[in-house]
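As a basis for the values below, the full set of heavy atoms in this structure was taken, side chains included, without hydrogen atoms, waters or symmetry mates. We count ligands from 1, going down the list as the structure has it; atoms in each ligand are counted the same way. These figures come from a predicted structure and were not determined experimentally.
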Amino acid sequence: MASKGFFTKSFLLYHRILHRNLSIGKLYRRTLSAKLPRYPSQSTSPPSFDDISNKTLVIDMDEWLLKSNSIFPYFMLVALEGGGYLRGLLLLFSYLFLYFFASEELMLKVMVMFSFCGMKVDGFRLDRAVLPKYFLENVGLEGFEVLKKGLKEAKGVVCVSRRVPRVMVDGFLRDYMGVKEIMGREIGMKYGFFSGVLMDWNEDKLAQKMEDVGGDVMAFGSCFGKYSQQLPFTEICTRTEQEKKNWNTLPQDMYPNPLVFHDGRLAFTPTPMATLAMFVYLPLGIVLSVLRSLIFGLLPYHLSIPLSSLTGSRSYLVGQPPQYKTGTNRAGGQLFVCNHRTLLDPIAISAGLNRPVTAVTYSLSRLSEIISPIQTARLTRNKEEDRRRMSTLLARGDLVVCPEGTTCREKFLLRFSPLFAELTDRVVPVALNTRVDMFYGTSTSIFKFMDPFYFLMNPRPEYWVEFLEKVPTEGRSIDVANGIQRKIGEALGFELTVLTRKDKYMMLAGNEGIVKA
Ligand SMILES: O=P(O)(O)OC[C@H](O)CO
């Protein structure tokens, strides 16, 4: 117990010293309105929504919108995706150590400290690129219905996050939930870096916001009960975590904005136990990744496919691959046009055909080019030059092209660039799908060269390859490209979009995804 007291005091002292020295440490104070109602009704029954046009809804994100109140996974995502494995390990151990005796507030401050301390403020995009997927998967349908109605009919909606810092929830609430007024705890910053010090929650600021928005205030979340005498609530709706367990999860087709793009390596929710399991598995994963790379790099497909399945990976071939016939069109080889799931797509097609193909690529790292078991050729994004290069390659043999120009992880197809339709009179559309259980094999980071290794590091990575009927390329190339996108979309059950590589990179990385040749 003595050590617990010492640790707690030391941490709080450190926190106070930093807090005092930080520029945003001066918290806003103001006197609350004297006319506030003192005893609002608190109810666990469904909120009365007859006419909310003159009401302001204040919704606590953790306690009302999200089903599970566990916030550790979001901090682990920041630590691992923004900091790396060492930071993730430190966060995990500190969490497991403090779990048994620290208060919730201390745990929160420690998690913020380990996740954020020393991280660059400029370019922090995890709230837009990584975290929304995990928040969305935790949104309760019943809680969401209240938010949706509020955004449509109420005078105003304020979303409050009292535990998860505002920088972590801003992108999710703004981009995916459509909330404009967001209030949360801030993290200290110094010299362009996060200090890791979590600022105190400021109730006065919330009161001021409610006064600004105006109208009667309905609050959603049990934490508001504590402040019911200071804040102008007319009604407070609460749900316990147990009650929320019976809520449904918000289905993907009800997301106000679809989740098309997301980034980050982790393909699972990093709860403490799941994270621990990942760290234990990691050495084996690295061995598996190297082994699978060697198997595919050195052995012919009739050996590499059964051997790699012994290591846990799976490949499925749907439909009959087209027969090999040269000279069936004015070009020498056949043109395979596929959707883009990972950098390994052309290899999966080559394995499905059981013969070598050439893949045209964009933004492929030198390392990936060197270790690729099939021939690769770079595109330049200059239409004439790319047409010339692709025609030359096609005259020599089979060619694989991914006209989306970038990978997409979710069940969406990006716009198909039409250049391929001008090269030959027939193309073979190929529908591809993948499944990963621990790591995503795609990224927008500078460590893209690791993408295939991450895919192969999964305990059971899976690939589906489906060769579709040949399609003639008559008519306008854009119509042909759209037709093939539709065909592949139908085969996979994916939704079609007109989004491009630029849209993806602007959203996830804040750049246009242009790679120097
Ligand atoms: O890394 P991505 O998702 O931008 O995809 C790159 C493509 O493979 C370019 O050939």
Check: [X]/[Y] side-chain N/O donor and acceptor closer than 3.5 Å:
X      : Y      : value
Asn458 : Tyr281 : no
Thr380 : Asp386 : yes
Thr406 : Tyr362 : no
Lys244 : Ser68  : no

Q.
For ligand 1, which is the ligand I care about here, please tell me if Arg501 has any N or O atom under 3.5 Å from one of the ligand's N or O atoms.
A. yes
Q: Please say whether Tyr362 places an N or O atom under 3.5 Å from an N or O atom belonging to ligand 1.
A: yes
Look at [atom] and say which protein heavy atom is nearest, naming residue and atom and giving the distance to 0.1 Å.
atom                   : answer
atom 8 (O) of ligand 1 : His340 NE2, 2.7 Å
atom 4 (O) of ligand 1 : Tyr505 OH, 2.6 Å
atom 3 (O) of ligand 1 : Thr407 OG1, 2.5 Å
atom 1 (O) of ligand 1 : Lys448 NZ, 2.5 Å

Q | Numbered atoms and elements of ligand 1 in range of Thr361, under 4.0 angstrom, heavy atoms | A | 10 (O)
Q | Numbering as shown, the atoms of ligand 1 that approach Lys504 to under 4.0 Å (heavy-atom distance) | A | 3 (O)
Q: Report the residue from Leu147, Val146, Ile182 that forms a side-chain contact (heavy atoms from CB on, under 4.5 Å) with Val157.
A: Leu147
Q. In this structure, which one of Val430, Leu468, Leu432 forms a side-chain contact (heavy atoms from CB on, under 4.5 Å) with Ile488?
A. Leu468
(Q) Does the residue Thr442 have a heavy-atom contact with ligand 1, meaning some pair of atoms that are separated by less than 4.0 Å? (A) no
Q: Verify, without hydrogens or angle tests, whether Thr434 (side chain) and Glu462 (backbone) share a donor-acceptor contact under 3.5 angstrom.
A: no
Q) Is it the side chain, the backbone, both or neither of Leu343 that has a heavy atom closer than 4.0 Å to ligand 1? A) side chain
